[in-house]
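A note on names: the letters A, B, ... follow the listed sequences, proteins ahead of strands, and every chain is numbered from 1.
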2 protein chains.
Amino acid sequence: MVVYQDSHSQTVDLSDDEVDRIFRALADATRRDIVRRTLTEEATISHLADHYEMSFAAVQKHITVLEGAGLVSKHRSGRERRIRGNPEAVQKAQHLLNAYERIWQGRIDRLDALLADE
Amino acid sequence: MVVYQDSHSQTVDLSDDEVDRIFRALADATRRDIVRRTLTEEATISHLADHYEMSFAAVQKHITVLEGAGLVSKHRSGRERRIRGNPEAVQKAQHLLNAYERIWQGRIDRLDALLADE
DNA sequence: TTGATATACAACCATTTGGTTTCACGTTAG
DNA sequence: CTAACGTGAAACCAAATGGTTGTATATCAA
């Protein structure tokens, strides 16, 4: 379990599994590209699939992984499904990395205190 | 390939593979914990292994994954290897996520411009 | 010197991942 | 109505992942 404070000083909890899924989903160039594209504008699955040298079904699977991580969501529109990137999930990942940053900064602060003592 | 500008306006390039490895390495709770611990202070492999309910060899493998992603480095000290977290690799990941943030922000800006035109 | 400790590494195994092809089904266009 | 389209989902496969145990090697302590 991970706990951090967001920009409004709200405490946010993320299970290890949720964090695993977010980083796992981002660990693939095709999936990162899908997130990038759908953050700026929605796209259908087959439209996305046109951009990659793999089968439609493979792209579909990547989208399933991204959806499981909350990085994109699907919205029905007739026979199409529009895929929309979710900036909040990206922010979650950012907050997690910020926490590491603070941990590291904490070490520096303690080092400074140590040096100040001498 | 990913390109972003760091805090000193330096252009930084990361191969897709490198980005893959960083996020992949962070997609495991044990590995994230190792990074967290070694960012504040160095630790030997066996000392780290004491904290997890898995074999020494399994922890060793996790450290190899982290090392491959540049998130930690090993430093020989007699028969021990001290593991040290690398904040720069964490920052790389942060920069990548910041890029997504800017992409998303760009969409908002364009929307604002569109509304301003009306 | 000898025994314990710290690490490295290989071999093995089950599960997951990332891809494929194929088929089914609802929706839209003509 | 019928054909084409967009999607979902199953079955299958090779490779990667995450774990294990076992063995080898180097170093430290007594």
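Rounding to the nearest 0.5 Å gives a distance of 11.0 Å between CD of A/E42 and CG of A/L48. Separation of atoms CD (B/E18) and NZ (B/K92) is listed at 4.0 Å; rounding is to 0.5 Å. Annotation: the span from B/S73 atom OG to B/E88 atom CD amounts to 10.5 Å, rounded to 0.5 Å. To the nearest 0.5 Å, atoms CZ (A/R37) and NE2 (A/H51) are separated by 3.5 Å. B/R81 contributes atom CZ, which lies 4.5 Å from atom CZ of B/R76 (distance to the nearest 0.5 angstrom).
Over its length, the helix from C/dT1-D/dA30 to C/dG30-D/dC1 turns its helix axis by 30°, as judged from the five terminal pairs at each end, rounded to 10°.
Among the protein residues, B/R31 comes within range of the sugar-phosphate backbone only, with heavy atoms under 4.0 Å from sugar or phosphate atoms but none that close to a base.
With hydrogens and angles ignored, the 3.5 Å screen pairs no side-chain donor or acceptor of B/N86 with any backbone N or O of B/V72. Side-chain N or O atoms of A/T38 include none that pairs as donor or acceptor with a backbone N or O of A/E41 at under 3.5 Å. Between the side chain of B/T44 and the main chain of B/H47, a donor-acceptor pair closer than 3.5 Å is present.
Residue B/I103 is grouped with residue A/L71 when hydrophobic side chains (ILVMFWY) are merged at heavy-atom distances under 4.5 angstrom, including chains of intermediate members. Put simply, A/L66 and B/W104 are part of the same group of oily side chains (I, L, V, M, F, W, Y) that touch within less than 4.5 Å, one to the next.
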Check the pair B/Q94, A/Q94 against side chain to side chain donor-acceptor pair (under 3.5 Å), reporting the backbone distance first and the verdict last. CA-CA 6 Å; B/Q94 282 186 306; A/Q94 281 186 306; over 6 Å; no
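Contacts with DNA chain C (heavy atom under 4.0 Å) in residues 54-69 of chain A: A/M54, A/S55, A/A57, A/A58, A/K61, A/H62, listed by number.
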Would you tabulate the side-chain donor-acceptor contacts of residues 20-28 of chain A under 3.5 Å, counting partners in other chains and residues two or more places apart, or write 'none'?
from, atom 1, to, atom 2, distance (Å)
A/D20, OD1, B/R32, NH1, 2.9
A/D20, OD1, B/R32, NH2, 2.8
A/R21, NE, A/G68, O, 3.3
A/D28, OD1, A/T30, N, 2.9
A/D28, OD1, A/R31, N, 3.1

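With the nearest nucleotide of DNA chain C identified for both A/R24 and B/I45, B/I45 has the one nearer the 5' end. Position along DNA chain C of the nearest nucleotide to A/S77 versus A/E53 favours A/E53 as the more 5'-ward residue.
Applying the ring pair (Phe, Tyr, Trp, His ring centres under 6.0 Å) rule to pairs touching residues 54-89 of chain B yields nothing, sequence neighbours excluded.
On the nucleic acid side, DNA chain D contacts chain B at distances under 4.0 Å to non-hydrogen atoms, with the end points of that region at D/dT17 to D/dC28. First and last contacts of DNA chain C with chain B, using any nucleotide atom under 4.0 Å from a protein heavy atom and ordered 5' to 3', fall at C/dA4 to C/dA11.
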